[in-house]
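Ligands are counted one by one from 1 in listed order, and the atoms in each one are counted from 1 as well.
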Amino acid sequence: MSAPATESSAAVAERRDPHAVLEVVDVSVRFGGINALTDVRLSARDGQITGLIGPNGAGKTTLFNVITGLQEPTNGRVYIADGDVSGLPPYKRARLGVARTFQRLEVFGSLSVFENVLAAAEFRHSWSDDDTPPRQVAAEIVDRVGLSTVSEERVDALPTGLARLVELGRSLATRPRLLLLDEVGSGLNHDETAALGDLMVDLVRDGTAILLVEHDVELVMRVCDRIFVLDFGQIIASGTPAQIQKNPAVQAAYLGADTHAAEGEPA
Ligand SMILES: Nc1ncnc2c1ncn2[C@@H]1O[C@H](COP(=O)(O)OP(=O)(O)OP(=O)(O)O)[C@@H](O)[C@H]1O
Ligand SMILES: [Mg+2]
């Protein structure tokens, strides 16, 4: 899991955030002629929600794919907790505590809500030393994500917004240390979005670090401790929600009128 001995001191030196459970260092991804990511540095901390925002095509999902091991970067490294995971396949990263949801849903449509979450709880049970019965884990999580009333429904019969919550539940069933959420609030109504925000705040209090990709600026500004802004594959700003809202480069690239809406002013 660790970098070769000759690289280890350099690897330690290149890491900058001592509180990070995730650290992305100088990651670049090229798809043919497209620079999807260029020298991206980002960290996510225990007990915090870290936002990752930016316009369509900025590279957010590509970065999630690099962090989870689905996309090999052209350059750069990924650290989870104390280890360099850059060469590890996705399933090994999952066992280190990384879980995600997918922007384009990857649920088991013909299974029920409960069975989707149970599948993940069973997988975790097969590798972890936690003896909690998977059915108990699944029932608790279905309740926690607010899906008890549709627990026995097939997932392909649900509206997209609720199917996203199934993905959230499935990721939670692996008891992640680092949770990557790719537009998990998309398709939810106002009340459901508010409940999702409260759930995320609860999760980080329980010790899960969250990296949140989300276009709902109001939600991002409400729940995030720190925010990174991607534009054309490059981090153009990072800081607290207040700092990001005031940043002229971010307003020009992404926030625009939504910034005022998030502050309660007329758009
Ligand atoms: N597998 C791929 N092959 C070629 N190009 C890709 C591939 N995946 C992504 N891209 C390109 O890389 C860039 C970044 O895409 P990505 O999906 O990461 O953006 P995003 O920030 O998640 O956008 P959105 O907000 O629309 O979800 C885009 O130009 C996209 O067309
Ligand atoms: Mg995306």
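- Vertex the Mg ion (ligand 2), arms ending at OE1 of Gln103 and OG1 of Thr61: the angle is 80° after rounding to 10 degrees.
- Interface atoms of ligand 1 facing Thr62, defined by a heavy-atom separation under 4.0 Å, are 9 (C), 14 (C), 15 (O), 16 (P), 18 (O).
- Proximity of atom 9 (C) of ligand 1 to the protein is indicated by at least one non-hydrogen atom lying closer than 4.0 angstrom.
- The contact set between ligand 1 and Glu183, taken as ligand atoms under 4.0 Å from a residue heavy atom, comprises 25 (O), 27 (O).
- Compare Ser186, Gly57, Gly233, Gly32 by their heavy atoms: the one nearest to atom 28 (C) of ligand 1 is in Gly57.
- Less than 4.0 angstrom separates some heavy atom of Ala36 from each of these atoms of ligand 1: 12 (O).
- In this structure, a donor-acceptor pair under 3.5 Å is absent between the side chains of Asn75 and Arg30.
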Give the intermediate values and the outcome of side-chain contact (heavy atoms from CB on, under 4.5 Å) for residues Arg170 and Val155. CA-CA 12 Å; Arg170 199 175 54 184; Val155 172; over 6 Å; no
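- In this structure, Arg175 pairs ionically with Glu140, as a charged nitrogen and a carboxylate oxygen lie closer than 4.0 Å.
- Formation of a donor-acceptor pair under 3.5 Å by the Thr193 side chain with backbone atoms of Asn189 is found in this model.
- Checked by atom type and distance alone, the side chain of Asn116 pairs as donor or acceptor with a backbone atom of Phe108 at under 3.5 Å.
- Comparing heavy-atom distances from atom 20 (P) of ligand 1 across Glu214, Lys60, Arg30, His215 singles out Lys60 as nearest.
- The shortest heavy-atom distance from Gly59 to ligand 1 is under 4.0 Å.
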